[in-house]
Amino acid sequence: PELERLGVHESVELVFPPSELAEFLSDLPVDVAVIDDDEIDSCDAVVTLEHRDAFLELEWVHSIQAGVDRFPFEEFEERGVLLTNSTGIHDRWVGETVASYLLAFARRLHRHVANQQERRWERPEWDDGFTLPGTTACVVGTGTLGSGVAEVLGSLGVRITGVRRSGDPVEGFEEVYASEDLLEAVADADFVIVTIPLTEATHHMFDAEVFDAMADDAYLVNVGRGPVVDEPALIDALETDSLAGAALDVFETEPLPEESPLWEMEEVIVSPHCAAFSEDYYRAVGDLVRENVDRAERGESFHNRVV
Ligand code: NAD
């Protein structure tokens with residue numbers, strides 16, 4: 001595409017200040033400006049968090065997230081609008097977040113923090129604490145997130161197994177199962193970690209049957225997308241002690257509604273869809289955008305193209 005003006009849509013401010021990205025990209029050979037909804041039509045391309053119908057008039061839309069389930073792919077295709085995403089940058093950030101959930105469960109940090117809020121001096125039961133070496137994490141999805149999680153947890157001595165559609169081996173994973181063998185894959189894991197995108201095939205992939213197949217003392221971690229997990233079935237499994245706990249960054253409804261029982265469960269860690277937040281986020285997105293502006297100049301096909 002011929003690019004003259006690139007807008008940084010104000011919706012990115014949920015993740016970083018739009019002006020930081022615009023400034024970072026100010027040396028590009030195209031005009032870069034922070035824009036609101038009224039200025040979309042002044043651009044050929046936008047960098048954005050949210051979708052707007054007005055984007056369908058543009059040449060190119062770049063999502064600052066890896067997950068692009070909110071964008072209407074067919075309409076992009078029909079209108080000939082390019083869509084690119086930000087996969088490839090979140091490995092270490094999300095990997096460290098997942099490691100911090102696991103360390104919290106093992107070393108009981110979430111309980112200490114909860115007790116501290118109440119000024120309560122309360123030691124865990126003698127057999128509540130454990131250590132990570134020798135535990136097994138089954139990472140479902142072996143892409144950027146899954147590999148980052150495998151790397152960080154592997155360095156803490158956790159044995160890593162994985163699930164991907166083909167079941168073919170992946171570096172960093174001791175054993176890889178095919179998606180159709182999910183029940184077998186989760187059965188001997190202490191932690192099941194969801195790092196897959198939301199698609200028609202993955203919607204409610206984690207349901208009562210999967211929670212039944214997991215050990216009663218296993219934990220579920222979801223850093224993929226909320227609807228990949230059947231949330232009422234998860235709540236049921238947690239309430240009936242057929243799972244030990246869960247760390248959840250994403251939910252079927254976000255923000256998580258105030259009345260959700262997940263807020264108050266002792267063995268549940270809730271984070272507000274921020275597993276990948278980092279002060280470096282805008283630079284990593286900026287590098288992806290710069291790469292594709294360069295490619296556009298050279299007439300090459302785009303990196304991370306989704307549509
Ligand atoms: P990626 O494309 O690198 O990896 C996704 C992996 O999932 C791929 O290997 C793909 O083959 C696999 N996959 C897809 N469908 C599958 C299925 N049915 N069964 C098994 N595997 C399947 O993407 P990524 O950068 O790793 O991001 C993955 C998802 O994580 C994103 O789509 C997004 O929804 C989510 N995400 C969340 C956060 C957060 O802040 N919580 C941050 C980044 C990404």
Side-chain angles (χ1 to χ4, degrees), residues 12 14-16 49-51 62-71 73 83-101 138-153 160-173 175-186 192-207 210 220-230 246-252 254-256 269-282 284-285 287-288 303-307:
V12 306
L14 259 111
V15 183
F16 51 74
L49 174 73
E50 291 171 0
H51 174 65
H62 179 79
S63 159
I64 67 161
Q65 293 186 307
V68 278
D69 44 272
R70 281 188 290 183
F71 293 87
F73 291 3
L83 176 65
T84 52
N85 74 3
S86 295
T87 189
I89 66 175
H90 306 102
D91 45 355
R92 187 76 204 181
W93 301 325
V94 175
E96 290 192 12
T97 300
V98 170
S100 66
Y101 297 141
C138 175
V139 183
V140 182
T142 57
T144 300
L145 255 57
S147 297
V149 167
E151 189 188 326
V152 182
L153 294 185
I160 311 294
T161 67
V163 177
R164 66 188 300 205
R165 279 167 292 192
S166 68
D168 292 343
V170 189
E171 209 191 309
F173 294 78
E175 205 172 335
V176 177
Y177 296 82
S179 299
E180 65 211 36
D181 299 325
L182 179 65
L183 297 182
E184 193 192 331
V186 301
V192 172
I193 300 164
V194 182
T195 64
I196 43 177
L198 174 62
T199 65
E200 268 171 39
T202 65
H203 184 265
H204 282 195
M205 192 162 137
F206 291 80
D207 57 10
V210 176
L220 181 82
V221 175
N222 187 7
V223 286
R225 278 288 178 273
V228 173
V229 170
D230 179 343
L248 307 168
D249 188 55
V250 288
F251 301 88
E252 292 216 66
E254 293 179 14
L256 181 63
I269 297 176
V270 167
S271 56
H273 199 154
C274 59
F277 270 41
S278 158
E279 60 177 355
D280 294 325
Y281 201 115
Y282 77 88
V285 167
D287 287 342
L288 290 171
H303 179 62
N304 274 5
R305 185 170 164 189
V306 183
V307 176

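When a ligand or atom number is given, it counts from 1 through the structure's own listing order. Only this structure's heavy atoms are used, side chains among them; waters, hydrogens and symmetry mates stay out.
For ligand 1, the atoms closer than 4.0 angstrom to any heavy atom of Arg225 are 33 (C), 34 (O), 35 (C), 36 (N), 37 (C). Taking every non-hydrogen atom of Ala276 and a distance limit under 4.0 Å, the qualifying atoms of ligand 1 come out as 40 (O), 42 (C). Below 4.0 Å from some heavy atom of Val223 lie the following atoms of ligand 1, by number and element: 35 (C), 36 (N), 37 (C), 38 (C), 39 (C), 41 (N). Shown in contact with Thr144 at under 4.0 Å from a heavy atom are these atoms of ligand 1, numbered in order with element: 1 (P), 3 (O), 4 (O), 24 (P), 25 (O), 26 (O). Applying the 4.0 Å criterion to heavy atoms of Thr202 picks out, from ligand 1, the atoms 15 (N), 17 (C), 18 (N). Ligand-side atoms of ligand 1 in range of His273: 39 (C), 40 (O), 41 (N), range being under 4.0 angstrom from any heavy atom. Within ligand 1, counting atoms from 1 as listed, the ones closer than 4.0 Å to a heavy atom of Gly67 are 31 (C), 32 (O), 33 (C), 34 (O).
Contact annotation for Thr199 and ligand 1: no heavy atom of the residue comes within less than 4.0 Å of the ligand. With a 4.0 Å cut-off on non-hydrogen atoms, Pro197 touches ligand 1 through its backbone as well as its side chain. Looking at Arg165 against ligand 1, both its backbone and its side chain come within 4.0 Å, counting heavy atoms.
An N or O contact shorter than 3.5 Å is missing between Gly146 and ligand 1 by distance.
Side-chain N or O atoms of Asp249 include one that pairs as donor or acceptor with a backbone N or O of His273 at under 3.5 Å.
Distances from ligand 1 to the non-hydrogen atoms of Thr195 include at least one value under 4.0 Å. Using a 4.0 Å heavy-atom cutoff, Asp249 is listed among the residues neighbouring ligand 1.
Using a 4.5 Å heavy-atom threshold, the side chains of Gln65 and Asn85 count as separate. Using a 4.5 Å heavy-atom threshold, the side chains of Val15 and Tyr282 count as separate. When side chains are defined from C-beta on, Arg225 does not count as touching Thr202, because their heavy atoms never get closer than 4.5 Å.
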